[in-house]
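Beneath this line is the structure, given in C-alpha cells, with notes to follow.
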Protein chains: 4
Amino acid sequence: MAESTTGQATRGRPRDPGVRARVLDAALTEYARSGWAGFTMHAVAGRAGVGKSSLYLRWPTKERLLADAIEAHSRPLVVDHDTGTLEGDLRALASHTLAHLLDPVGWVTLRIAVDAAVEAFDVREFSGRIIGRHSEAARTVLDRARRRGELSPAVDSHTVLEGLFGGLLMQALTMPHDERSPADLVGKITPLVDLVLRGVRTAPVDPCPPPGQTRADGPMPTAGR
Amino acid sequence: MAESTTGQATRGRPRDPGVRARVLDAALTEYARSGWAGFTMHAVAGRAGVGKSSLYLRWPTKERLLADAIEAHSRPLVVDHDTGTLEGDLRALASHTLAHLLDPVGWVTLRIAVDAAVEAFDVREFSGRIIGRHSEAARTVLDRARRRGELSPAVDSHTVLEGLFGGLLMQALTMPHDERSPADLVGKITPLVDLVLRGVRTAPVDPCPPPGQTRADGPMPTAGR
Amino acid sequence: MAESTTGQATRGRPRDPGVRARVLDAALTEYARSGWAGFTMHAVAGRAGVGKSSLYLRWPTKERLLADAIEAHSRPLVVDHDTGTLEGDLRALASHTLAHLLDPVGWVTLRIAVDAAVEAFDVREFSGRIIGRHSEAARTVLDRARRRGELSPAVDSHTVLEGLFGGLLMQALTMPHDERSPADLVGKITPLVDLVLRGVRTAPVDPCPPPGQTRADGPMPTAGR
Amino acid sequence: MAESTTGQATRGRPRDPGVRARVLDAALTEYARSGWAGFTMHAVAGRAGVGKSSLYLRWPTKERLLADAIEAHSRPLVVDHDTGTLEGDLRALASHTLAHLLDPVGWVTLRIAVDAAVEAFDVREFSGRIIGRHSEAARTVLDRARRRGELSPAVDSHTVLEGLFGGLLMQALTMPHDERSPADLVGKITPLVDLVLRGVRTAPVDPCPPPGQTRADGPMPTAGR
DNA sequence: AGCTAATCGAGACGGTACGTCGTGTCTTTTC
DNA sequence: GAAAAGACACGACGTACCGTCTCGATTAGCT
C-alpha cells in the first residue's frame, strides 16, 4: 500500500523479492531495539544487507516503511468466533484487541498511528491501521447482535467501538511497561466490557418515561452543557 | 516539573524568570507554525531572544521543553460545575475533555504523552499530562454521583474513566484534521456519554419493568469471565 | 603589563593580591595539561578558586592572561657573565636561549608570540616577549665585542641576532617533543654558534697569517667539538 | 597527506574530485578574509557549495583542512637556478624563502606549522610543511657547493639551514604587518646571507692548520651592499 | 556608625562554532 | 535496469566556550 507499485512491463533486472522481506524484518527489529529515535534508514539497510536506494525505491519515507513492516508482520487476526451471544463475542474481541495492543507489533502500530494522526499525514491511516481489521470485526459482531435483537436500536455501532477500543487503548497506554504482558487478559478487559455491555443492552437513557419513544428526546441531552 | 530544580541556596546570578516565560511562549508559537518537524531548538531560542544554552540549562530535551510549554499554557480547566446530576456532570466533563483534545495545545499534549508512553519514559507522564486534571475532575464527579446513589456499586470509577476518556480519545484521533474544531461538541459527545451513562447507572435496577423490552434481564451483566 | 591598571585612588575594597598569583599559577598549570585547546577561562577560574569576573577584571583576553602567566613565571634570565671573549659570551647566551625555548614556559611564550605576530595583534609583542631580555643581552654582548674589536665592522648586530636566535628557534621547533630537554645544550648549540662566530669575526682579516693559528687558542671554553 | 586515503577498490559512488578543489579554494579565501578566528567549517562549506559532511569526510579537523589548503596552493617553488656559485644560489634561495614567508600563504603555513609543533601534533609537520621543499632546495644548493669546493668541510649543511632559515623566519616574524611586502627582497636578505656566507666559506674554526687551506678565497665575498 | 564603592565567588545570559548524525538524492560498478 | 555501495547537500542536534551581566556577600576608606 505504501509501496510504490511499478506495475508495468518487466524491463531490466527484476526486483529481488527477498529484498522486501529482509527489509521489513530488519525494520521491525531495528525499531524494537532502538525505538523511533535511532530507527535509521541507514541502520535498516545495513541490517537487511541492502542499499539505501533499494529502500527508497520501495518506500517514500521512513514512516511508510515502518508502517508496512508492521502491517506485514501483524497476524491475520480474524476474530470471528461467533460465540452466539453479544457478550461472548465482545469479550473475545476485547481480548484480541488488548493482546494486539500489548504486543510489540501492536504497540508500534499505535505509536505510528498516533504520529500519523497528529502530524499532517493522512488521518485515515489511523483508523485504517490501528483499528482497521479490529474495527471490521467489531462491526460484524455488532451487526450480528443487532440481528439477534441483543442490541438496543438506540445505540450506534460506531459509538460502541469508540467506547470499547478507546477504553482498551487507554488501558494499554497507561499500563506500566513492565506489566505490559498479555497475561490475565480476561481480568483486564472484564470491567470495561461489562460497562459497555450494560450500556448497550439496557433501555435507552431515557429510563422508561411514559411509554413511547425510543428516546432522542428525553430529558434534554443536548443542552449547552 | 520537567525543569531541573536547583532548589538550594541562591548563589550566583539568579535565573531570569522572564526567560522561562519567553521560551515557553516561543516554543508553542514555533510548534504551532511548523509542527514537530521544524520545531528547532535554534528557532525557539531565536524567537525567544535567548541563547541555546539557556534552553538546555532548563530543559534536557526538546520533548520536555514542548511538554512544559503545553503544560504552562493549558487553561486551569476546573470542570466542576456540579450540575446536580451525574448526567449533567458527565456531559460537561466530556465536552471539556474533547474540547481540550481538539485544541492545538491538547493535541500536542496528546502527541507527547503518547510518545512518552510508548518510549521508555515514565508512564506516569501519560496519565499525568494528558488526562491529569481531567482525571481528577472525573473522579470527583463520579464520587459525587456515588454518594447520590446514581452510580451502580458494581462499577469501578477507573473503568468509567477508561471508557469515557478512551472514547473521546478515539474520536479525537480519528477525526480528520479539517473537522477538528470545537464546534458542536454536544452533538459529538452525546452518543458516547449516553452509552457510558447507561452502563453506569444504578443498575438496570428496574428497567421499565412493565412492558418488558428486549432483555434488560436480570443482574448478571458481570459474569466471571 | 597586560593587566589593566586602575592606578588611581583607593576607594572600595582593594584587590586581593593573592588572586593574581593564584590565577597566574592556575593558568600555567591548565595550559600545561591541556594545551591551548582546553585552556578555558572557566577552568582557570575554577582551579584558582576564583570567579570569572575576577579574571576579566584583570586581563581583557585569554591571550593576555596566558602571556602574563608566562612572563611572571619566567626566570630573571640575566645572561651577562662577560666571559671576556665574544665566543664565550655567545656560547653562554645561546645556551640560555635554547634552554628557555625548550622549557615549557619558553615554549608557551613562543607559541603566543607567533600567534600574536600572525594575527593582527601588535607585532612588538613578538620581539618584546619572545626575545625581549635575550635580545637585550645579545646586544650588550655584541657591543662589548665590538669595543674589543672582535667584531667585524661590516656586520650589523641586528643581523647577528637574527641568525643566532633564528637558528635556535628553528632547532627548537624541529626538535621532536620527546627529545625536547635541556640536556647537552652545548652540543646542540655549538655548530650554530661556530657558524655565526666565523661569519662575525673581524673579517677573514688575515686568514691564517703565519702559522700560529688564528685563534682556537686562548680560552677555549666549550670544547664540544 | 592529511586526507584519509581509502585506497582500495572503488565501490560505491566515487568522490567528486571537484569537491576537494572547491573546498581547498574556499578554505584559503575564508582564512584570508577572517584569519583563524572566523575561519569556520560552516563558512568554508558554504562558500564551496558543499555539505559539512563532505568536509569531515576528507579532513578530520579544521587544522588539517587549512594545512592541506595551503599545501595545495603553494607554488612549486623549485629554486634551483644554479647560478654557478654558492653565493648566487644562496641569495636566490633566501629571496624565495623570504618571499614565501611574507606571502599570505606562507604566512599561514608558518602559523599552522608552529601550532603543530607546539601542540601534540607530529613535529615532522613542521619541517615537512614549512620548510619542506625549501629545505630540499637548500640541501641541493649546499651539496653542489660542497662538490665545487666552496664549502668548508667543517660545516654541517643542517646547521647552515638552521641559521639561514631561522634568520629569515625571525625577520618575517618581527616585521610589522604593514611592511610585510615582498618588496626589496634583496635588501632584506643581504646582511643575513652575507653573514652565513662568511661563516661557511672561511677556514674552519680550527683555522688554517697547515698552510694550504681549502679556500680562503677572494677578498670580499660580501658585496651586495 | 553609616555610607559608598569596589572586589569577590558564583553562575546565568546571548551568542556562536563545534563535530556528529540522519535524511533523501545522486552516481558509480556489478549483476 | 535493479542492486549494493557510498558520496553528496542540507540542516538539526546537544556540547562547550566566550565575554558580559547580575546576584549576595565582603571589605575597605570617607564622612
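Heavy atoms only: backbone and side chains are in, while hydrogens, waters and symmetry mates are out. If you're wondering where the values come from, they're calculated on a predicted model, not measured in any experiment.
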inquiry  = To the closest 0.5 Å, what do you measure between NE2 (D:His42) and CZ (D:Arg47)?
reply    = 12.0 Å

Whole angstroms only, please: what is the [atom1]-[atom2] distance between [X] and [N]?
{"X": "B:His42", "N": "F:dT15", "atom1": "NE2", "atom2": "P", "value": "17 Å"}
{"X": "B:Tyr56", "N": "E:dG14", "atom1": "OH", "atom2": "C1'", "value": "16 Å"}
{"X": "B:Leu65", "N": "F:dG14", "atom1": "CG", "atom2": "C1'", "value": "14 Å"}
{"X": "A:Glu63", "N": "E:dG22", "atom1": "CD", "atom2": "P", "value": "15 Å"}
{"X": "D:Lys62", "N": "E:dG19", "atom1": "NZ", "atom2": "P", "value": "7 Å"}
{"X": "C:Arg15", "N": "E:dG9", "atom1": "CZ", "atom2": "P", "value": "12 Å"}
{"X": "B:Leu57", "N": "E:dG15", "atom1": "CG", "atom2": "C1'", "value": "15 Å"}
{"X": "D:Glu30", "N": "E:dA17", "atom1": "CD", "atom2": "P", "value": "11 Å"}

request  = Map C:Pro14 and D:Val19 onto DNA chain F by nearest heavy atom, then report which one ends up closer to the 5' terminus.
outcome  = D:Val19

message = Can you work out whether D:Asp16 or C:Gly12 has the more 5'-proximal nearest nucleotide on DNA chain F?
response = D:Asp16

Do the side chain of [X] and the main chain of [Y] share a donor and acceptor less than 3.5 angstrom apart?
{"X": "D:Thr40", "Y": "D:Ala43", "value": "no"}
{"X": "B:Arg22", "Y": "B:Ala48", "value": "yes"}
{"X": "B:Ser34", "Y": "B:Glu30", "value": "yes"}

I want to check one thing: is the phosphate of [N], taken as OP1 and OP2, less than 4.0 Å away from some side-chain N or O of [X]?
{"X": "B:Arg20", "N": "E:dC13", "result": "no"}
{"X": "A:Ser54", "N": "F:dA4", "result": "yes"}
{"X": "D:Arg64", "N": "E:dG19", "result": "no"}

Please state whether the base of [N] and the side chain of [X] form at least one donor-acceptor pair under 3.5 Å?
{"X": "D:Ser53", "N": "F:dC10", "value": "yes"}
{"X": "C:Lys52", "N": "F:dG19", "value": "yes"}
{"X": "D:Arg13", "N": "E:dT27", "value": "no"}

ask   = In terms of side-chain heavy atoms of A:Thr40, which of E:dG22, F:dA5, F:dA4 is nearest?
value = E:dG22

Qualifying residue, where the test is salt bridge (charged side-chain N to carboxylate O under 4.0 Å, His left out) with D:Asp68 and the options are D:Arg20, D:Lys62, D:Arg58 = D:Arg20

note = Comparing nearest nucleotides in DNA chain E, the 5'-proximal residue of the pair A:Phe39, D:Phe39 is D:Phe39

remark   = Residue pair C:Arg22/A:Met41 against DNA chain E: nearer the 5' end by closest nucleotide is C:Arg22

